[in-house]
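Here's the structure we're looking at; comments come further down.
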There are 2 protein chains.
Amino acid sequence: MVKRASMSDVARVAGVSLTTASRALNGVGRVSAETRARVIETAERLQFQPDMLARSFVTGRSFIVGVLAESALGRFSMPLIMGATNYLGRENIATVTLDAQGTPRILNEYLKRLRARRIDGLLVVGDDPNRASLVLSEDFAVPVVFASSSATPETDYVVAPDNRGAGQAAAEHLIGLGRRHIAHVTAAVHDPAVDARVEGFTAAMESAGMPIAMGGPLYGSYLQRWGMDAGERILDSGKPVDAIFAANDEIAIGLFATFHRHGIRVPDDIAIIGYDNRLAGVMRPDDPLSTFDPELTTVGERAAERLLDVIGGTNTPGITYVQPRFVEGRSTTGPTLEPYDVL
Amino acid sequence: MVKRASMSDVARVAGVSLTTASRALNGVGRVSAETRARVIETAERLQFQPDMLARSFVTGRSFIVGVLAESALGRFSMPLIMGATNYLGRENIATVTLDAQGTPRILNEYLKRLRARRIDGLLVVGDDPNRASLVLSEDFAVPVVFASSSATPETDYVVAPDNRGAGQAAAEHLIGLGRRHIAHVTAAVHDPAVDARVEGFTAAMESAGMPIAMGGPLYGSYLQRWGMDAGERILDSGKPVDAIFAANDEIAIGLFATFHRHGIRVPDDIAIIGYDNRLAGVMRPDDPLSTFDPELTTVGERAAERLLDVIGGTNTPGITYVQPRFVEGRSTTGPTLEPYDVL
DNA sequence: CTGAAAGCGCTTACAG
DNA sequence: CTGAAAGCGCTTACAG
């Protein structure tokens, strides 16, 4: 292991001062073209790599950002965080990942640590950024970007999936297929992400001049069980329904199970769209379920990208939306789905 | 934003030299008990936090480790990497995540970067650590730990799931249930992880003095389609089979689909065990499929823990195995599984 | 356009 | 047990 060349070495060999070497290598300040060329050539010959630790120390830029998650190992946080750290890695930025685990005490402890590391910025991942926002006191003034599925004050820097747009797209897809009695089986009330999908769906139905089947969205839970029950309720009602937008894939599959049991064909009789693309990564010839992929990895990437922009001073507050990707599957475009297909 | 106290501030206020302050605060060298107490008290009063950038600069320890993945966003790498970064974050270690994407050129570029950052260690995530091993040249001498599902030379530091143990446990579970004609439907040949499961399974069957049904493991692919075909092949053979260990959940589900179509009940007639716990995180009252959870997050944690030990000089080479967790589901312990249950 | 020098905030021989 | 001083490898006023 040979000792690495320092900038002084480069300067000495190139016959210039350390000051000039620094300027030439960093491309700042006035240096004659020939001097610059000579220094750069020398640096390459010596395989000079600037010591980032020294640079960080003197500039105060650590090239490290914090990633603060409510629950880093959660099903939704994970791809988002990975998208972010992967992007940051490509940009040669390190991350320190901290799981707040809900308690403000831990959060405060973590913020102290991050301050000691002089992080360049902070990415907050989770659905309740307001809480984190509160704790981010004045004396910890680094750029903060929120990656979240819920809406937040317009004064923050936020990146989130466009749940509203997805709801709208779902309605439009079903309408475009010629369906006329479209229901919406959603989950819990007061989940911002779910609410936004309801909104978008409702808006699209209204502008198509089409009432929502079953008299409006049916609220329940996130479970497959609720989808099965909702299916029964729809069939019992006797009301015409030929398409359903479900709040997630579990509900969609529950609906399908009930319909199949009753001999109702999907999509022939009733088309179904889910949400989450839960079966992503399972290799199969075709997608059984029409659904939306929230592209959480992309959300993470965009959030990281934006954080670097804020750090660089070239960004203004507001929400950036990432469009969920519609996955066209057999539950809307056929052929008729069999249970084995969805396994 | 008030200026943070430096160690000099603490020294001055406490009436000692910078040297003494440093020693008192770090607990090294000889300092009288009272002096130490005074310095520590002063530091707390001034809310002193040592500047890690300065410390890193002088000690050369960056408190940053590299995470080099073959495919960071892959289904298996993701939980592993998150487990590692999460553990490291708790220990106040930052990570720079790099996705090698297979090409040695990119890999070399990344290693140069990591050297410039003076990382303390490197975690290599992926199934082909040997390749990375090759590129990790002599002059980049930092501790390296491999987190992988395949075996590697005993001279390396490796953390991996105990695939062999899982194969063994699968056979033992089925034998314990009283099954006597146990087959093994596996995937591709020459996948080290899958091979190890075959080995463990075979060993357990041998020590129970029980031949493998169907004359030995059936090799195919990772797809559900293969499971369906294998099911047909088993039924066509006319040979007695009352239990199957499948190499993954896709295959297990394919087997189930075929059996159900033919009126064969699971687990009553044939019990099935899968692998991967692919349905983890899907909320349901009971687990439909008996399977193994590879605990990849734990593998990542252990690998990170071990890396810190190697960096600290308190570890010796060898493989650490993480035991996959058996998930007991209805496909081995009933009641009879219906397609809707597995959806 | 170029350079001598100060300084970032610590750790650590070295001397007492 | 304690302290004065050097040094880690850069950046950046300041002066020429």
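Just so it is clear: chains get the letters A, B, ... in the order the sequence lines come, proteins before strands, and each one is counted from 1.
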Rounded to the Å, how far apart are [X] [atom1] and [N] [atom2]?
X       : N      : atom1 : atom2 : result
A:Met7  : D:dG7  : CE    : P     : 20 Å
B:Phe57 : D:dG9  : CZ    : P     : 6 Å
B:Arg61 : C:dT12 : CZ    : C1'   : 17 Å
A:Asn26 : C:dT2  : CG    : P     : 16 Å
A:Phe63 : D:dT11 : CZ    : C1'   : 12 Å
B:Leu53 : C:dC8  : CG    : C1'   : 10 Å
A:Met52 : D:dT11 : CE    : C1'   : 15 Å
B:Leu25 : C:dC10 : CG    : P     : 9 Å

So if I take residues 34-47 of chain B and measure heavy-atom distances to DNA chain C, which residues fall below 4.0 Å?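 Correct list: empty, so none.
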Side chain of [X] (C-beta onward), nearest among [options]:
X       : options               : result
A:Leu18 : C:dC10, D:dT11, C:dA4 : D:dT11
B:Ser6  : C:dG3, D:dG9, C:dC10  : C:dC10
B:Arg30 : C:dT11, D:dT2, C:dG9  : D:dT2
B:Arg55 : C:dG3, C:dT11, D:dT11 : C:dT11

Does D:dC10 have its OP1 or OP2 closer than 4.0 Å to a side-chain nitrogen or oxygen of A:Ser22?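 Indeed not, no polar side-chain atom of A:Ser22 lies that close.
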Could you tell me whether the phosphate oxygens of C:dG3, OP1 or OP2, come under 4.0 Å of any side-chain nitrogen or oxygen in A:Ser17?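 For A:Ser17, the contact criterion (side-chain N or O under 4.0 Å from OP1 or OP2 of C:dG3) is met.
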Set of side chain to side chain donor-acceptor pair (under 3.5 Å) partners for A:Ser17, sequence neighbours left out: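 Residues passing side chain to side chain donor-acceptor pair (under 3.5 Å) with A:Ser17: A:Thr20.
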Applying side chain to side chain donor-acceptor pair (under 3.5 Å), name anything that partners B:Ser8, two or more places apart in sequence or on another chain.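 Per chain and number, B:Ser8 pairs via side chain to side chain donor-acceptor pair (under 3.5 Å) with no residue.
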The criterion is salt bridge (charged side-chain N to carboxylate O under 4.0 Å, His left out); which residues satisfy it with A:Asp162, sequence neighbours excluded?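 If we apply the salt bridge (charged side-chain N to carboxylate O under 4.0 Å, His left out) test to A:Asp162, skipping adjacent residues, there are no hits.
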According to salt bridge (charged side-chain N to carboxylate O under 4.0 Å, His left out), who are the partners of A:Arg118, at least two apart in sequence or on a separate chain?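 If we apply the salt bridge (charged side-chain N to carboxylate O under 4.0 Å, His left out) test to A:Arg118, skipping adjacent residues, the hits are B:Asp51.
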For the residue pair A:Thr320 / A:Arg302, report whether a side-chain donor-acceptor contact shorter than 3.5 Å exists.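 A:Arg302 vs A:Thr320: no donor-acceptor pair found between side chains.
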Pairs touching residues 37-49 of chain A that satisfy side-chain hydrogen bond (donor to acceptor under 3.5 Å, both in side chains), sequence neighbours left out: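 The answer is A:Glu41-A:Arg45.
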Search all heavy atoms of B:Ala160 against all heavy atoms of B:Ser148 and return the closest pair with its distance.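 Where B:Ala160 meets B:Ser148 most closely, the heavy atoms are CB-O, 2.7 Å.
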What are the two closest non-hydrogen atoms of B:Leu122 and B:Val67, and how far apart are they?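 Result for this residue pair: CD1-N, 4.3 Å.
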B:Ser56: which residues meet the side chain to side chain contact (heavy atoms under 4.5 Å, CB included) condition with it, sequence neighbours left out?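 Result, side chain to side chain contact (heavy atoms under 4.5 Å, CB included) vs B:Ser56: A:Leu53, B:Phe63.
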Residues that B:Arg23 engages under side chain to side chain contact (heavy atoms under 4.5 Å, CB included), provided they are two or more places apart: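 Listed in chain order: B:Thr19, B:Val28, B:Val31.
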Pick base, sugar-phosphate or nothing for B:Val58, based on heavy-atom distances below 4.0 Å to the nucleic acid.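 Answer is base: heavy atoms of B:Val58 come under 4.0 Å of a base.
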Remember a base hit wins even if backbone is also touched, and classify A:Ser32 as base, sugar-phosphate or nothing at under 4.0 Å, heavy atoms.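 The residue A:Ser32 makes sugar-phosphate contact but no base contact.
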If each of B:Asp51 and A:Val16 is mapped to the nucleotide of DNA chain C with the nearest heavy atom, which maps nearer the 5' terminus, i.e. the 5' end?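 The residue mapped nearer the 5' terminus is A:Val16.
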Answer yes or no: is there an ion pair linking A:Asp9 with A:Arg12, defined by an N-O contact shorter than 4.0 Å?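 Judged by the 4.0 Å cut-off on N to carboxylate O distance, A:Asp9 and A:Arg12 do form a salt bridge.
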Name the stems with DNA chain C in them: runs of three or more consecutive Watson-Crick or G-U pairs, distances under 3.5 Å?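 Looking at DNA chain C, the stems formed by three or more consecutive pairs are C:1-3 with D:14-16, C:5-12 with D:5-12, C:14-16 with D:1-3.
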Quick check on DNA chain D: between A:Gln49 and B:Ala33, whose nearest nucleotide comes earlier from the 5' end?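 In this pair, the answer is B:Ala33.
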Can you pull every protein N or O that's under 3.5 Å from an N or O on nucleotides 13-16 of chain C?
none

Between C:dG16 and C:dT12, how far apart are the two C1' atoms, rounded to whole Å?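 Looking at atom C1' only, C:dG16 and C:dT12 are 16 Å apart.
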Side-chain donor/acceptor pairs under 3.5 Å, residues 293-300 of chain A, sequence neighbours excluded:
residue	atom	partner	partner atom	Å
A:Asp293	OD1	A:Glu295	N	2.8
A:Asp293	OD2	A:Asn277	ND2	2.8
A:Asp293	OD2	A:Arg325	NH2	3.3
A:Glu295	OE2	A:Arg325	NE	2.7

Which residue pairs pass the ring pair (Phe, Tyr, Trp, His ring centres under 6.0 Å) test when at least one of the two sits in residues 29-60 of chain A, sequence neighbours left out?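 Listed once each, the pairs are A:Phe57-B:Phe57.
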